[in-house]
Amino acid sequence: MNYNHKKIESKWQAFWDEYKTFKVTEDEHKPKYYVLDMFPYPSGAGLHVGHPLGYIATDIVARYKRMKGFNVLHPMGWDAFGLPAEQYAIKTGTHPQETTKKNIDNFRRQIKMLGFSYDWDREINTTDAVYVKWTQWIFLQLYKKGLAYEAEVPVNWCPELKAVLANEEVVDGKSDIGGHPVYRVPMRQWMLKITDYAESLLSGLDEVDWPHSVKELQRNWIGRSEGADVDFPIENSDKIITVFTTRPDTLFGATYMVLAPEHPFVDELTTVDQKESVKEYKETASRKSDLERGELNKEKTGVFTGSYAMNPANDEKIPIWIADYVLMSYGTGAIMAVPGQDQRDWDFATEFDLPIIRTVEITDDYDGEAFTGDGLAINSGFLNGLYVDDAKKIMIKWLETEGKGKGAIRYKLRDWLFSRQRYWGEPIPIIHYDDESKPLEDSELPLELPEIEKYEPSGTGESPLANIKEWVEIKNDGGEVIGLRETNTMPQWAGSCWYYLRYIDPANIDHPWDKDKESYWMPVDLYIGGAEHAVLHLLYARFWHHVLHDLGFVSTREPFQKLFNQGMILGEDGLKMSKSRGNVINPDAIVNEFGADSMRLYEMFMGPLDKAKPWNTKGLQGCSRFINKLWSKVCSSDGLSSYITEDAPNDETVKLLHQTIKKIGEDVENLRFNTAISQMMIFTNHLITLDHVPKSVLETFVKLLAPFIPHVSEEIWEYLGHNESITYESWPEFDEALAKEDLITIAIQVNGKLRANIEISADTEKKDVLSIAKDNDRIKAYLDGNEIIKEIYVEGRLVNFVVK
RNA sequence: GCCGGGAUGGCGGAACAGGUAGACGCGUUGGUCUCAAAAACCAAUGGCCAUUUGGCCGUGGGGGUUCGAUUCCCCCUCCCGGCACCA
């Protein structure tokens with residue numbers, strides 16, 4: 001008889017809600033475990049089956065850890081600011097708050113239907129006024145620490161969207177949304193000085209248990225380079241151009257210099273006869289979109305300024321050029337060009353007929369252009385004969401003693417562009433007065449969004465808030481306007497930078513979180529989410545956390561101890577699920593037909609959690625069948641089935657049960673849910689062959705199932721005569737001795753080829769195993785007439801005879 | 001181009017720490033039940049050869065180390081993710 005998943009699942013979900021089964025508070029007597037999901041942006045489309053994949057995994061871990069005696073914090077909330085609700089508002093006039101609420105209600109319903117063990121009393125929403133208050137408060141902590149500043153910076157201006165975009169919203173020079181061209185235009189912006197934390201963010205990676213790939217991604221993003229700042233005096237000027245180079249050893253080969261077109265010295269260095277071409281080049285460069293600067297423009301362009309610098313190594317006169325392959329935003333915005341050792345410089349030198357000097361010896365058969373490998377220094381004065389590493393060190397030392405430069409470290413990481421010209425975000429709590437900008441007092445927070453009628457951007461690059469005079473203008477008692485509110489809002493990342501801290505103390509109105517609670521729960525022990533957040537969210541959140549740590553607000557340096565990225569679930573056609581492809585699987589339909597337990601089980605059974613894998617409803621049916629098989633063996637319509645008896649289990653059942661306890665426990669600890677489920681199936685297949693299923697065996701087995709398929713497990717648990725939820729039952733212990741096989745199969749190989757299998761008792765000694773093997777008829781035939789030159793015995797595994 | 005990850009039956013995937021490749025599930029085939037079908041249950045299922053015992057081949061391709069390689073080393077191909085003139 002099939003079990004009634006609808007009845008059982010709604011029954012237990014109601015039970016958990018009513019008794020607040022998963023509510024948690026600090027408990028010093030228990031070890032804590034904080035298991036966190038990346039909270040969702042509640043979109044209008046609702047969940048597809050890929051979204052809850054990570055939630056299922058964390059839920060299994062949460063439930064498992066509770067049974068292992070941990071005090072488990074497992075919360076859920078909503079990252080609810082964001083562009084879609086605002087765009088919907090622009091189109092329909094619906095307040096984003098309304099849209100957001102509706103979407104959250106739908107998401108909550110869908111998430112709840114899967115039976116997750118969240119402590120719903122801790123639910124948070126980044127758009128709630130109390131939450132916004134503390135987001136703004138943290139911003140002000142950054143501001144007061146000098147980490148938030150305003151600057152005229154070239155931003156990604158998208159004329160089509162009439163909006164400034166963040167770097168991460170620009171892909172290949174086009175807007176991530178819509179694919180419109182994006183240009184660099186200077187505008188006043190709020191920036192966060194994440195670059196001050198480059199070293200801290202880099203070294204912190206060594207402390208955390210994260211996927212290797214994510215650490216590498218962050219390391220590359222931070223982009224630390226060691227090298228030297230080298231000063232080049234300019235001919236007929238007392239100005240000095242400082243360049244950053246990772247190859248100070250090649251200084252003797254620097255045959256020209258290049259400045260970024262935006263470099264502040266350019267105008268001054270331009271000679272009269274070069275003025276026209278420099279001006280023209282600068283203008284062209286500034287008009288270029290990122291797309292044109294990047295991919296489309298592989299051939300080098302540039303113009304000579306007319307001025308010369310002195311190579312500090314050999315006092316050679318070298319020309320100063322400008323070219324847009326040098327970026328103002330990295331290093332000093334100027335480079336020394338060493339075409340012999342750098343392919344970009346080689347290309348440029350070839351294009352403009354500049355001299356090329358090799359400073360690293362190449363082999364006779366080297367047929368490349370610039371040589372970037374290791375070798376002996378040549379044409380390099382006092383460096384000649386040294387390998388690259390040594391030559392770098394000697395050159396840096398020389399520069400430092402001569403006062404011509406010094407060792408330096410640079411990062412690719414840029415400061416974080418923190419302002420958005422939008423309505424639906426946290427207002428930046430700053431007022432601009434004539435002579436200065438001032439933050440709001442803590443008591444004035446939260447600064448809430450005003451009601452507005454039109455959500456369109458102002459079109460000038462300012463946010464819609466700029467049009468709300470009564471909100472923007474700060475007046476004195478006499479009604480004079482004395483100040484203007486900042487109209488930029490924060491990016492969506494802001495709310496997600498600290499939500500994991502708010503979960504710890506979600507209702508606190510006096511503080512963002514209680515210190516004692518924070519030190520009890522932090523750090524997050526396990527954080528699961530999509531790999532698309534490998535850099536931005538995880539880097540920004542770490543940045544804030546490092547700052548909060550330096551300010552003494554949090555007790556750990558790193559927020560997320562262990563991180564894991566779940567893979568994508570693809571459509572049945574093996575392609576990414578999307579509405580346009582029509583291959584989206586809706587969890588509502590799946591839960592309705594097969595139940596939440598089947599869906600949970602299948603998603604975990606599909607394969608390793610971190611891999612992308614295609615959905616297959618037939619496969620899901622297999623999991624559903626498994627639950628039904630078990631159910632119909634152990635349950636009848638009104639209680640336990642007649643197979644369940646008080647008998648003692650037989651040896652084989654005991655052995656398999658203990659193997660199963662061991663396997664499932666180890667697999668859950670290592671997030672290998674697919675193989676844990678495979679073991680459940682093996683055990684169930686065994687139970688089905690039994691005439692009598694001992695009640696004690698079923699009790700133990702149901703506990704193993706509970707984290708995976710909690711509804712049906714609760715139901716069976718109740719059938720077994722328990723009044724309490726299975727949630728806090730203790731996880732079964734296994735006995736290694738009982739799990740051990742007493743009869744084992746040994747493979748017998750001759751010259752590495754399998755020729756026979758023998759069954760022997762597990763404690764048979766080596767010499768006996770060998771003699772039994774030799775006595776085997778099949779093996780005899782292979783050994784006959786041959787000389788055994790080697791006998792290999794791998795305990796409990798195989799025997800290999802090497803014969804000649 | 002650079003960095004990271006991957007490639008195992010018809011499909012999703014297993015395989016301790018170098019030790020019987022293909023667990024578990026799907027699919028397929030045959031059977032039971034049925035008037036029939038579905039569901040359920042039982043059995044078989046990597047390929048090739050062989051009437052059976054059995055033999056040979058087989059973890060993207062090529063080499064190597066080893067008694068023994070999906071696993072370690074070298075070279076190559078393809079796929080996925082990220083970065084991309086970062087000096």
Side-chain angles (χ1 to χ4, degrees), chain A residues 1-2 172 211-221 223-225 227 243-247 250 254 258 260 293-295 297-300 323-327 329-338 341-345 347-348 410-414 531-532 534-535 565 567-568 570 574 601-602 605-608 610-623 625-626 628-629 632 666 672 674-682 684-685 688 745-757 777-778 788-803:
Chain A
M1 189 205 74
N2 280 8
D172 292 336
H212 175 73
S213 61
V214 178
K215 287 192 185 189
E216 275 312 293
L217 241 43
Q218 293 217 348
R219 288 193 184 110
N220 291 341
W221 190 265
R224 183 182 198 271
S225 291
V243 304
F244 173 69
T245 176
T246 55
R247 293 294 303 274
T250 63
V258 187
R293 270 206 181 191
E295 217 144 332
N297 191 19
K298 278 298 170 197
E299 78 282 7
K300 297 278 179 287
D324 66 2
Y325 84 93
V326 174
L327 310 173
S329 51
Y330 181 76
T332 61
I335 62 158
M336 64 181 212
V338 187
Q341 262 64 234
D342 184 295
Q343 190 59 43
R344 294 158 302 182
D345 297 344
D347 293 342
F348 192 83
R410 300 274 174 179
Y411 302 90
K412 279 202 302 198
L413 185 69
R414 313 283 161 81
E532 66 274 19
V535 177
N565 297 124
M568 220 184 314
L570 308 169
L601 198 67
Y602 173 61
F605 184 62
M606 291 172 83
D610 57 343
K611 295 283 174 336
K613 52 239 153 189
W615 180 269
N616 178 359
T617 300
K618 288 274 191 207
L620 174 104
Q621 281 167 17
C623 288
R625 201 172 294 153
F626 158 75
N628 272 313
K629 242 159 52 171
S632 44
E666 285 172 358
R672 291 189 305 242
N674 54 330
T675 50
I677 293 166
S678 158
Q679 186 66 32
M680 292 172 192
M681 290 171 169
I682 291 169
T684 301
N685 289 343
I688 284 169
T745 306
I746 301 281
I748 316 290
Q749 300 181 336
V750 177
N751 284 343
K753 292 211 181 214
L754 179 69
R755 296 303 179 186
N757 282 306
D777 285 345
R778 306 258 321 275
I788 299 179
I789 41 181
K790 208 168 178 183
E791 297 176 345
I792 291 144
Y793 175 55
V794 181
E795 201 178 327
R797 295 260 169 202
L798 59 69
V799 170
N800 187 11
F801 295 113
V802 184
V803 302

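Each chain gets a letter, A, B and so on, in the order its sequence line appears, and its residues count up from 1. Both backbone and side-chain heavy atoms feed into the values below; hydrogens, waters and symmetry mates do not.
- When rounded to the nearest whole Å, the span between NZ of K611(A) and P of G4(B) equals 16 Å.
- Looking at heavy-atom distances under 4.0 Å, P608(A) makes contact with sugar-phosphate atoms alone, never a base.
- Taking T684(A) as the reference, F626(A), L630(A), I688(A), F701(A) meet the side chain to side chain contact (heavy atoms under 4.5 Å, CB included) condition, with sequence neighbours excluded.
- Taking the side chain to side chain contact (heavy atoms under 4.5 Å, CB included) definition, one finds that A747(A) meets it with L754(A), N757(A), L798(A), sequence neighbours left out.
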Protein-to-nucleotide contact annotation, 5' to 3' order, nucleotides 77-82 of chain B [B base; S sugar-phosphate only; - none; under 4.0 Å, heavy atom]: -----S
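- The side chain to side chain contact (heavy atoms under 4.5 Å, CB included) check on K618(A) picks up N616(A), Q621(A), with sequence neighbours excluded.
- At the phosphate of G55(B), OP1 or OP2 sits under 4.0 Å from a side-chain N or O atom of R755(A).
- As judged by a 4.0 angstrom heavy-atom cut-off over every strand, S213(A) is placed among residues touching the sugar-phosphate backbone only.
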With both pairing distances under 3.5 angstrom for Watson-Crick or G-U wobble, and | for a partner in another strand, the correct string for RNA chain B is (((((((..(((......[....)))((((((.......))))))((((....))))..(((((..]....))))))))))))....
N/O contacts under 3.5 Å, protein versus nucleotides 15-19 of chain B?
| residue | atom | partner | partner atom | Å |
| --- | --- | --- | --- | --- |
| C16(B) | O2 | R797(A) | NH2 | 3.0 |
| C16(B) | N3 | R797(A) | NE | 3.3 |
| C16(B) | N3 | R797(A) | NH2 | 2.5 |

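- Whole-Å rounding puts the Y325(A) OH to G1(B) P distance at 21 Å.
- Nucleic acid contact for A534(A): none, since no nucleic acid atom lies under 4.0 Å from a heavy atom of the residue.
- Side-chain proximity of N685(A) to the nucleotides G13(B), C24(B), G55(B) is greatest for C24(B).
- Residues satisfying the salt bridge (Lys or Arg N to Asp or Glu O under 4.0 Å) criterion with R755(A), sequence neighbours excluded, are absent altogether.
- In this structure R625(A) satisfies the salt bridge (Lys or Arg N to Asp or Glu O under 4.0 Å) test with no other residue, sequence neighbours excluded.
- Under the rule for a side chain to side chain contact (heavy atoms under 4.5 Å, CB included), the partners of A323(A) that lie at least two apart in sequence or sit in another chain are V258(A), Y281(A), Y325(A), F348(A).
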Set out, line by line, the N/O atom pairs under 3.5 Å between protein and nucleotides 37-48 of chain B.
| residue | atom | partner | partner atom | Å |
| --- | --- | --- | --- | --- |
| A40(B) | OP1 | R625(A) | NE | 3.0 |

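- Of the listed nucleotides (A23(B), G4(B), A87(B)), A87(B) has the atom at the smallest distance from the side chain of S225(A).
- When distances are taken from the side chain of A747(A) to each of G13(B), U20(B), A23(B), the shortest belongs to U20(B).
- Legend: residues meeting salt bridge (Lys or Arg N to Asp or Glu O under 4.0 Å) with E666(A), ordered by chain and number and at least two apart, are absent.
- The salt bridge (Lys or Arg N to Asp or Glu O under 4.0 Å) test applied to D345(A) returns no partner, not counting sequence neighbours.
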